[in-house]
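The block underneath contains the structure these notes are about, expressed in structure tokens.
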Amino acid sequence: MSGRPGPGDTAPDFTLADETGTERSLAGLLADGPVVLFFYPAALTPGCTAEACHFRDLAAEFAAVGARPVGISGDPVERQQEFAGRHRLGMPLLSDPDGTVRERYGVRRGFTLAPTRRVTFVVAEDRTVLDVVRSELRMAAHADRALAALRAHRPPDATSGPAAVDSGT
């Protein structure tokens, strides 16, 4: 698949190394709840730093809806590790150096200095794409819209803890 998945489509599975060199698959990440895959052009650049730090700053809100952000760029593992450490990001940053996953998600850009478009996919546990955020210039829009999509997707009783049991009396 080389076209960009949209809402209702199945997100392609993949396996990539994270900033520690640990192999991570989408299926494995989804075992803990929904995932917000945010593709970004290059680690340690001003725009990508602003975007990743906004995801970091909303970590408690993502946790409250049972989701986790996961960044992906073409940067090597070592650069992802530097990015994560310098900004204390606290989320997996995946390395896609050959662009295979970028291609499968349809976020390839036509020039080589920044070959990845800034696009975010909100993915439910069953790999259904809930929302897609596209904005090259509004960095905060990615985390904000992803959080809104996750909140809208949550069952109504998910905000109040375990569902009440009707004893029928």
Side-chain angles (χ1 to χ4, degrees), residues 4-5 11-109 111-125 129-151 153:
R4 184 179 300 158
D13 198 11
F14 59 81
T15 299
L16 292 172
D18 69 11
E19 76 283 0
T20 69
T22 303
E23 295 288 312
R24 304 273 199 126
S25 68
L26 179 59
L29 291 164
L30 288 169
D32 295 328
V35 168
V36 178
L37 290 177
F38 67 99
F39 286 85
Y40 57 96
L44 299 168
T45 59
C48 297
T49 298
E51 179 185 18
C53 287
H54 192 56
F55 275 107
R56 175 203 64 205
D57 294 346
L58 295 176
E61 293 182 56
F62 280 104
V65 293
R68 76 155 63 171
V70 176
I72 302 178
S73 76
D75 294 294
V77 167
E78 299 77 20
R79 186 134 172 110
Q80 299 287 37
Q81 186 173 44
E82 181 183 356
F83 189 33
R86 185 181 296 180
H87 298 288
R88 296 185 177 100
L89 295 177
M91 68 189 82
L93 298 179
L94 306 181
S95 177
D96 183 26
D98 64 2
T100 301
V101 176
R102 172 180 63 225
E103 205 53 54
R104 293 183 72 197
Y105 278 78
V107 298
R108 183 178 158 286
R109 193 189 317 252
F111 54 93
T112 58
L113 288 176
T116 304
R117 293 183 186 279
R118 189 181 315 281
V119 180
T120 297
F121 298 86
V122 182
V123 184
E125 296 93 330
V129 175
L130 301 176
D131 197 8
V132 179
V133 182
R134 299 174 186 93
S135 180
E136 292 289 339
L137 302 175
R138 294 181 313 134
M139 308 315 165
H142 292 265
D144 294 345
R145 281 210 21 221
L147 201 50
L150 288 161
R151 286 177 175 148
H153 178 69

Practice item. For the residue pair Leu94 and Phe14, establish whether any side-chain heavy-atom pair is separated by less than 4.5 Å. Key: yes
**Study point:** Heavy-atom side-chain proximity of Thr120 to Leu37 below 4.5 angstrom
**Key:** no
Review point. Does any non-hydrogen side-chain atom of Val122 lie less than 4.5 Å from one of Val129?
Key: no
Practice item. Among Arg102, Gln80, Arg79, find the residue that satisfies the side chain to side chain donor-acceptor pair (under 3.5 Å) test when tested with Ser73. Key: Gln80
Review point. Are the side chains of Asp75 and Phe83 in touch, meaning some heavy atoms are under 4.5 Å apart?
Key: no
Exercise for review: Report yes if the side chains of Val70 and Val36 come closer than 4.5 Å at any heavy-atom pair, otherwise no.
Suggested key: no
Review point. If every non-hydrogen atom of Ser25 is compared with every non-hydrogen atom of Gly28, which pair is closest and at what distance?
Key: OG-N, 2.9 Å
Review point. Between Val77 and Ser95, is any pair of side-chain heavy atoms under 4.5 Å apart?
Key: yes
Point to revise | Under the side chain to side chain donor-acceptor pair (under 3.5 Å) test, residues paired with Glu125 that sit two or more places apart | key: none
Revision key, fill the gap. Residues at least two apart in sequence or cross-chain that pass side-chain contact (heavy atoms from CB on, under 4.5 Å) with Asp32, listed by chain then number, are Arg68
Exercise for review: Check the angle between the aromatic planes of Tyr105 and Phe39 and answer parallel, tilted or perpendicular using the 30° and 60° thresholds.
Suggested key: tilted
Point to revise | Min side-chain heavy-atom separation Glu23-Leu16 under 4.5 Å | key: no
Exercise for review: Give, for atom CD of Glu103 and atom OG1 of Thr100, the distance between the pair rounded to the nearest 0.5 Å.
Suggested key: 8.5 Å
Point to revise | Smallest separation among heavy atoms of Asp13 and Ala27, with atom names | key: OD1-N, 3.0 Å
Study note, to complete from the structure: All heavy atoms of Gly66 vs all of Pro34, minimum pair found to be O-CD, 3.2 Å
**Study point:** Derivation and outcome, ring-ring contact (aromatic ring centres under 6.0 Å, His included), residues Phe38 and Phe121
**Key:** CA-CA 6 Å; Phe38 67 99; Phe121 298 86; over 10 Å; no
**Study point:** Spacing of Thr49 atom OG1 and His87 atom NE2 [to the nearest 0.5 Å]
**Key:** 4.0 Å
Point to revise | Pair Asp18 + Arg24: basic N to acidic O under 4.0 Å | key: yes
Check your understanding: By side chain to side chain donor-acceptor pair (under 3.5 Å), which residues pair with Asp131, not counting sequence neighbours?
Key -> Arg145
Review point. Could you state the interatomic distance from CD (Glu82) to CD (Glu19), rounded to the nearest 0.5 Å?
Key: 13.0 Å
Check your understanding: Where do Phe55 and Tyr40 land on the ring-ring contact (aromatic ring centres under 6.0 Å, His included) test, with the steps shown first?
Key -> CA-CA 12 Å; Phe55 275 107; Tyr40 57 96; 9.6 Å; no
Check your understanding: Short question: side chain of Arg56, backbone of Leu89 - any donor-acceptor pair under 3.5 Å?
Key -> no
Check your understanding: What closest approach, in Å, do Met91 and Ala52 show between heavy atoms, and which atom pair accounts for it?
Key -> CE-O, 3.7 Å
Check your understanding: Distance from Cys53 atom SG to Arg86 atom CZ, nearest 0.5 Å?
Key -> 11.0 Å
